[in-house]
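What you see is a predicted model, and the numbers here were worked out from it, not measured in a lab. Scope of the values below: all heavy atoms of this structure, side chains included, with no hydrogens, waters or symmetry mates. Note that ligands are numbered from 1 as they come in the structure, with each ligand's atoms numbered from 1 the same way.
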Amino acid sequence: MKITEARVILSSPGRNFATLKITTDTGLTGLGDATLNGREKAVVAYLEEHVIPWLLGQDAERIEHVWQSLYKGAYWRRGPVTMTAIAAVDMALWDIKAKQAGLPLYQLLGGASRTGVTVYGHANGKSIDDCLSEVENYVAMGYQAVRLQCAIPGLDKAYGVAKGKLYYEPAERGLPPMETWSTPEYLDFIPELFAQARKQFGPHLKLLHDVHHRLTPQEAAALGKSLEPFRLGWLEDPTPADNPESFRLIRQHTTTPIATGEVLNHLQDFRVLVSEQLIDYVRTSVQRCGGLTHMRQIALFADAFQVRTGCHGATDLSPVTMGVALHFGLWVPNFGLQEYMRHNEETDAMFPHAYTFADGMLHPGEAPGHGVELDESMASEYPYQAASLPVAQLRDGTAWSW
Ligand code: CS2
Ligand code: MG
């Protein structure tokens, strides 16, 4: 089965998405997600200039061979742009293979290991009360796990606090917006948020929090320790994972479970974190790390060390990624939790999908392939608009991790 056409469709139904569509000489088509938030066009150029010309004429059935050729053949390895581009191709080819077999993708992986994929929602608020009433809404919708983010008194903006409810989109049109960060205010405030949440929701609801790479290892260790009485499901990205060895210090000081890696894209990025059991959940996703082909490898490596998956599922990963992630999550032996930041209504309409939500779980559905399509005529009504993620600074102007 030869690849006869491959093209990228850019759209912006409230936020930007880059979607790769591959067509074969049998008429079968497959979709992959090539969105890299705030850097979309770098991946589009990588695909259009360097990947698609080679792809045309390749055998669509040789997914592993295509993956290895794109990875090894570039000479320049890893990195978010390369791995997102490879992921888009990989997702589209798995979609085609499963459609060819007439099976939902999870069946090709080895079938369902569970009845559904447990997801977590995002509660955020301008005050603790506001945030807790959001948690209540998620509980009422059936969620078993909720991430809590709250405005920090004294800071004008905080990561994870949305303008509206249900949808959180940090990228803004135009050049990067600035945000001020201050660690002391944050460290003083967060334990109080979780003390009140645990008191109100009892012992069983999974409560999560994303530090978003803002702390030093020592500060992260102190935060993890102060949150121990409230038994978090996980503390995410407590410190940047560029230096994996720095998680040793965090681990030595706290039993709060740690999740990291939504910005990592290769098994080697996780080798120290996983093999030394410095983390509990791997946050990379099928979209960030070269697709299902490489995600499988990372997950099975993690399984050997009792580290589970906790895949990234923010709104900047399109419904195509969500579809593939759910087939993966239904199968993967060491599934932990899946992020589910809901897309807006326009996005859901533009990407008709087979996945459904019930009782705190998503199910990928039984449609052949990954079950997500793209309404191209609708996409053409929402053209791409340049947008950027915020940049953080300390009060004295020092640039900080956002
Ligand atoms: C995140 C994201 O969902 C998460 O855990 O940290 O919101 C992240 O900020 C965005 O994906 C960046 O594009
Ligand atoms: Mg995160």
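Of all atoms in ligand 1, numbered sequentially from 1 with element shown, those under 4.0 Å from a heavy atom of D210 are 1 (C), 4 (C), 5 (O), 6 (O). Those atoms of ligand 1 with a heavy atom of H212 less than 4.0 angstrom away are 1 (C), 6 (O), 8 (C), 9 (O). Taking every non-hydrogen atom of H312 and a distance limit under 4.0 Å, the qualifying atoms of ligand 1 come out as 1 (C), 2 (C), 3 (O), 4 (C), 11 (O). Using a 4.0 Å cut-off to heavy atoms of M341, the atoms of ligand 1 that qualify are 3 (O), 7 (O). The distance from ligand 1 to the heavy atoms of E236 drops below 4.0 Å at these ligand atoms: 5 (O). Proximity to R147 (heavy-atom distance under 4.0 Å) selects the following atoms of ligand 1: 3 (O), 4 (C), 5 (O).
Per residue D210, closest N, O or S atom to the Mg ion (ligand 2): atom name OD2. E262 contributes OE1 as its N, O or S atom closest to the Mg ion (ligand 2).
For atom 2 (C) of ligand 1, the closest heavy atom belonging to the protein is Y159 OH, 3.4 Å. Protein heavy atom at the shortest distance from atom 3 (O) of ligand 1 is E339 OE2, 2.4 Å. Annotation: atom 6 (O) of ligand 1 to nearest protein heavy atom, E262 OE2, 2.6 Å. In this structure, the protein non-hydrogen atom closest to atom 10 (C) of ligand 1 is D316 OD1, 3.5 Å.
A salt bridge does not link E64 with K97: every distance from a Lys NZ or Arg NE/NH1/NH2 to an Asp or Glu carboxylate oxygen is 4.0 Å or more. Remark: E276 engages R248 in a salt bridge, criterion side-chain N to carboxylate O under 4.0 Å. A salt bridge does not link D237 to R283: none of the charged side-chain nitrogens sits closer than 4.0 Å to a carboxylate oxygen. Salt-bridge annotation for R7 and E376: present, with a side-chain N of the basic residue lying under 4.0 Å from a carboxylate O of the acidic one. In summary, K41 and E49 do not engage in a salt bridge, as defined by a charged side-chain N under 4.0 Å from a carboxylate O.
Heavy atoms only, all atoms of each residue included: D33 and A18 are closest at OD1-O, 3.4 Å.
At a cut-off of 2.8 Å, E236 is counted among the residues with an N, O or S atom near the Mg ion (ligand 2).
For R214 and W181, the positive end sits near the middle of the six-membered ring, less than 6.0 Å away and at most 45° from its axis. Remark: R342 is positioned above the aromatic ring of F357, its terminal NZ or CZ atom under 6.0 angstrom from the ring centre and at most 45 degrees off the axis. For the pair R15 and F17, the cation-pi criterion (under 6.0 Å, within 45° of the ring axis) is fulfilled.
Taking the side chain as every heavy atom from C-beta outward, F335 and L330 never approach each other to under 4.5 Å.
The shortest N/O to N/O separation between H122 and ligand 1 does not fall below 3.5 Å. Residue W402 has no N or O atom closer than 3.5 Å to an N or O atom of ligand 1.
Distances from ligand 1 to the non-hydrogen atoms of Y340 include no value under 4.0 Å.
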